[in-house]
Amino acid sequence: MTKTVADQFAETLAAAGVKRIYGIVGDSLNGLTDALRRQGKIEWVHVRHEEVAAFAAGAEAHLTGELAVCAGSCGPGNLHLINGLFDCHRSRVPVLGIAAQIPSAEMGAGYFQETHPEALFKECSHYCELVSGANQMPRILEIAIRQAVGNRGVSVVAIPGDVLLRLASDAPVPKSQSLVPGHAVLMPPRADVDRLATLLNGDGRVTLLCGSGCQGAHDQVVALADRLKAPIVHAFRGKEHIEWDNPFDVGMTGLIGFSSGYYAMIDCDVLLMLGTDFPYRQFYPRGAGVRVAQIDMRPEQIGRRVPVDLGVVGDVRATLDVLIPLIKDKGDRGHLDQATQHYRKARKDLDRLASETTSKRLIHPQQIAKAINDHAAEDAVFTCDVGLPTVWAARYLAMNGKRRLIGSFWHGSMANAMAQTIGAQAAFPGRQIISLSGDGGFTMLMGDFLSLVQLGLPVKVVVFNNSALGFIEIEQKSSGFIDFGTSFKNPNFAAMAEASGVRGIRLEDSADVEEGIKAALAHDGPVLVDAVVSRMVLPIPPAITAEMAKGFTLYMVKAVLDGRASDLVDLARTNLWA
Ligand SMILES: Cc1ncc(C[n+]2csc(CCOP(=O)(O)OP(=O)(O)O)c2C)c(N)n1
Ligand SMILES: [Mg+2]
C-alpha cells in the first residue's frame with residue numbers, strides 16, 4: 001500500500017516515542033486516526049471534550065517528562081483544546097497539539113467550521129504552523145516535536161484533512177535520537193558563582209525560596225540550607241520537589257500559604273530564589289537592606305518579580321554543585337530556629353482544623369484532605385482543582401519524593417484535576433491516582449467522568465461538594481462584596497456515579513470520613529467520593545492584611561444591612577468554635 005502523509009505522521013510520532021494520543025475524531029482527522037489504527041503502535045485515548053484531552057496530555061508529560069499528544073478536528077474540535085494547551089504551555093510540559101484543518105481548497109473563503117489555528121494557538125505555543133503540502137512533511141512535525149521537547153512547552157501542527165490523505169513525500173523516517181535529544185545542562189559563568197558565594201558568606205540571615213526549577217536538586221538545596229542555616233520556603237510548584245526529608249522546610253508563603261512561610265521570607269537579610277518565578281510581588285521582602293539573589297535557567301525570569309542584586313543564569317542543581325563547596329558553615333541558627341518553630345506551630349494549627357468535628361452539618365474540607373493524605377499510597381499521584389482544593393492540597397498533602405502533585409498552578413484554570421487524572425492513569429495504570437476536585441471544577445468538564453469507565457481507569461475522584469464556587473465566594477467577602485453568583489444546586493454525585501458504573505461514596509458526617517476515604521482508596525476501580533463539606537470555612541484568616549480586614553468588615557456590614565446576618569453566625573460557628 002502507498003504511504004500517505006497521515007502514515008508518515010504516525011510513523012514520526014512513533015519514532016518520537018509517543019505512546020498515546022488523547023482526542024476526539026472528526027472527518028478532518030479521519031486520515032490520521034485511520035493511519036494510527038492501521039499502524040497499531042499508538043493508543044487512541046477517546047475522551048469526550050478536547051479540553052480534557054489537552055489537560056490529560058499535560059499530566060502525562062508532567063509525570064514522564066516526555067512528549068505527550070492531543071488532537072482535535074477542524075474548527076470547534078481543535079478550538080476546544082485551547083484552554084488545556086494554555087495550561088500545558090504555561091506549566092512548561094512538552095505537548096504536541098494536532099489541529100486538523102478544513103479542506104485546503106476552502107481555506108480563506110469563510111468555509112463551514114473555518115478557523116485559523118496557526119493564529120489561535122500562537123500565544124500558547126513555542127511553535128505553531130500549518131502544513132499545506134505533502135512536501136512539508138515530516139519536517140514541520142519534526143520541528144514541532146523538537147521545539148516542544150527542547151523548549152518544554154506546546155507545539156501545534158495544523159493540517160487539512162485532504163493533505164493528510166495525500167501521497168507522502170519521499171523522506172527518511174526520522175531517528176529517535178535526533179528527534180528528541182537529551183537536555184543540555186546550563187552552567188553559569190564561574191565569576192557569577194563566586195559573587196553569589198561572597199554575598200551568601202557575608203553577614204545576614206538567609207532564606208531560600210524554591211520553585212519547580214529545584215526538580216532533581218533536592219539534596220543540593222538541603223545541603224546549601226544546612227551550611228547557611230537558612231529556612232526553605234517553597235512556591236507551589238516546588239512543593240513536590242523540595243518539601244520532603246527537609247528539616248529546613250517552613251512551608252509556603254502567598255495567599256494560599258501560611259504564616260511561617262510568609263515571615264521567613266519577609267523577615268530576612270538575603271533572599272535566594274532558586275528556580276522560581278513566584279508571581280505575587282506583595283509577598284517579597286520590602287526592607288531597604290534586604291538583598292535578593294536569583295538562580296534561574298531562564299534569563300528572562302531574573303528580576304521580573306522583585307529587583308535583584310545578583311542574577312545567576314544556570315541550572316539550579318549544576319550551579320549548587322559548584323556553589324556549595326564555596327559556602328562557609330554559618331554558626332548562627334537563630335533565624336532558622338525561629339522560622340522552624342513558627343512552622344511547627346502553624347502546622348499544629350492547620351492539623352487542628354483538620355480534626356473531626358462533632359457536628360454532622362460541618363465536615364471541614366480540611367478533614368477530607370488530611371484523610372486523603374493519611375491513607376494515600378506512598379507513590380500516589382494527586383491532582384487538585386483550582387479553587388479551594390488547591391489550598392487544601394498545598395496544606396495537607398505531604399510529599400515524599402515519590403508522590404507527585406499536578407495542578408493548574410500557572411494558568412489557574414478550573415476543571416483541570418479530573419481531566420489530568422486521565423493522562424496520569426493512562427500513563428501509569430498501576431499507580432493510585434487521586435483527584436481533589438471542586439464541585440464547580442468537577443461539573444465543568446463532567447462529561448469525561450464517563451471516560452473513567454469507558455477507558456477502564458481506576459481513578460479516585462474526591463469532590464469537595466460545598467455547593468459553591470467557594471474560593472470566589474471567600475474572595476468576594478474578603479474584598480468587601482456580598483457574595484454573588486456563587487451557589488450550586490447539586491445532585492447527589494455519589495448516586496450519579498453509581499448510575500454511571502462508578503462506585504459512589506457520599507460523606508455527610510464527620511465521623512464517617514476516615515472509613516469512607518479508606519474504602520475509596522482501597523477500591524479496585526474508579527470511585528467518586530461525594531464529600532459534603534462546609535461552605536463557610538475560611539482558609540485565609542480575614543485579618544492577614546489590613547486591606548483584607550477592611551474588606552471583610554465592609555462585607556459584614558453589608559451582610560447585616562442586606563438581612564443576611566445569619567450568614568455571619570454560620571461563618572463564626574464554622575471558623576471560631578466548630
Ligand atoms: C475556567 C475558569 N473559570 C473561572 C475561574 C475563576 N475561579 C477560580 S476558583 C473558582 C471557584 C471554583 O469552585 P469549585 O471548583 O467549586 O471549588 P471550591 O473553591 O468551591 O472548593 C472560580 C470560579 C477560573 N479560575 N477558571
Ligand atoms: Mg465548590
Side-chain angles (χ1 to χ4, degrees), residues 49-52 54-55 58 79-91 124 236 254-256 279-280 353-354 362-370 372 382-397 406-421 434-449 461-479 481 483-493 496 506-508 528-540 567 570-571 574-575:
H49 191 310
E50 292 86 351
E51 182 174 338
V52 171
F55 273 123
L79 192 58
H80 261 184
L81 293 170
I82 201 163
N83 189 52
L85 286 181
F86 259 95
D87 183 76
C88 297
H89 194 54
R90 303 203 67 197
S91 293
C124 63
F236 206 167
L255 273 179
I256 62 174
Y280 301 105
L353 292 173
L362 292 171
I363 299 183
H364 283 183
Q366 292 97 320
Q367 188 194 356
I368 301 286
K370 184 166 184 307
I372 294 171
F382 304 94
T383 65
C384 59
D385 262 338
V386 163
L388 292 172
T390 288
V391 181
W392 312 139
R395 296 181 184 174
Y396 294 99
L397 298 183
I406 311 175
S408 180
F409 299 146
W410 266 115
H411 189 46
S413 172
M414 281 173 70
N416 58 293
M418 186 190 65
Q420 289 167 328
T421 64
I434 308 170
S435 169
L436 279 64
S437 296
D439 49 351
F442 174 68
T443 52
M444 192 175 263
L445 288 175
M446 196 160 66
D448 267 286
F449 182 59
V461 178
V462 181
V463 180
F464 287 74
N465 181 359
N466 57 2
S467 294
L469 295 163
F471 190 80
I472 302 302
E473 189 162 281
I474 290 160
E475 276 185 346
Q476 289 174 343
K477 287 175 179 165
S478 60
S479 42
F481 296 105
D483 41 303
F484 177 78
T486 52
S487 286
F488 286 128
K489 261 192 193 146
N490 282 331
N492 178 324
F493 289 118
M496 190 196 79
R506 187 158 162 108
L507 298 176
E508 297 179 327
L528 181 142
V529 177
D530 182 1
V532 182
V533 296
S534 166
R535 174 177 180 167
M536 291 292 176
V537 165
L538 290 175
I540 312 161
D567 284 4
D570 265 357
L571 269 170
T574 308
N575 294 289

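Below, each value reflects all heavy atoms present in this structure, side chains not excepted, and no hydrogens, waters or symmetry copies. Order of appearance sets the numbers: ligands from 1, and atoms from 1 within every ligand.
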Taking [atom] as the reference point, the nearest protein heavy atom with its distance:
atom                    : answer
atom 9 (S) of ligand 1  : G387 CA, 3.7 Å
atom 15 (O) of ligand 1 : G441 N, 2.8 Å
atom 16 (O) of ligand 1 : D439 OD1, 2.6 Å

Does NZ belonging to K370 count more than 12 external heavy atoms closer than 6.0 Å?
->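 For K370, atom NZ is not crowded (no more than 12 foreign heavy atoms under 6.0 Å).
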
Report, as yes or no, whether the 6.0 Å neighbourhood of atom CZ on F481 holds more than 12 heavy atoms from other residues, nucleotides or ligands.
->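 Counting other residues, nucleotides and ligands, CZ of F481 stays at 12 neighbours or fewer.
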
May I ask you to list the atoms of ligand 1 that are less than 4.0 angstrom from any heavy atom of [X]?
X    : value
N466 : 18 (P), 20 (O), 21 (O)
G440 : 14 (P), 15 (O), 16 (O)
G412 : 24 (C), 25 (N), 26 (N)
L469 : 11 (C), 12 (C), 13 (O), 20 (O), 23 (C)

Sphere of radius 2.8 Å around the Mg ion (ligand 2) - protein N, O or S atoms inside =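 Only D439 OD1, N466 OD1, A468 O fall inside 2.8 Å of the Mg ion (ligand 2).
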
Got an N/O contact under 3.5 Å between [X] and ligand 1?
X    : value
M444 : no
A468 : yes
M414 : yes

Using distance alone, with no hydrogens and no angle criterion, decide if [X] and [Y] have a side-chain donor and acceptor under 3.5 Å apart.
X    : Y    : answer
N465 : N490 : yes
Q420 : T383 : no
N83  : S413 : yes

For the residue pair [X] and [Y], establish whether any side-chain heavy-atom pair is separated by less than 4.5 Å.
X    : Y    : value
F86  : S408 : no
R535 : T486 : yes
D385 : N416 : yes
I372 : V529 : no

Taking the six-membered ring for Trp, are F442 and F493 parallel (under 30°), tilted (30 to 60°) or perpendicular (over 60°)?
->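 Aromatic pair F442/F493 classed perpendicular.
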
Of the listed options (I472, D385, L445), which comes nearest to atom 6 (C) of ligand 1 when hydrogens are ignored and any heavy atom counts?
->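 Comparing heavy atoms across I472, D385, L445, the nearest one to atom 6 (C) of ligand 1 lies in I472.
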
Atom 21 (O) of ligand 1: which of G438, P389, G470 has the nearest heavy atom?
->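 Considering heavy atoms of G438, P389, G470, the nearest to atom 21 (O) of ligand 1 sits in P389.
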
With heavy atoms only and a cut-off of under 4.0 Å, state how F471 meets ligand 1: side chain, backbone, both or neither.
->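 It is both parts that get close, each with some atom under 4.0 Å.
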
Heavy-atom closest pair, residues A419 and F55 |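 It is CB-CB, 3.5 Å.
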
Step by step, would you call I368 with W392 a side-chain contact (heavy atoms from CB on, under 4.5 Å)?
-> CA-CA 9 Å; I368 301 286; W392 312 139; over 6 Å; no

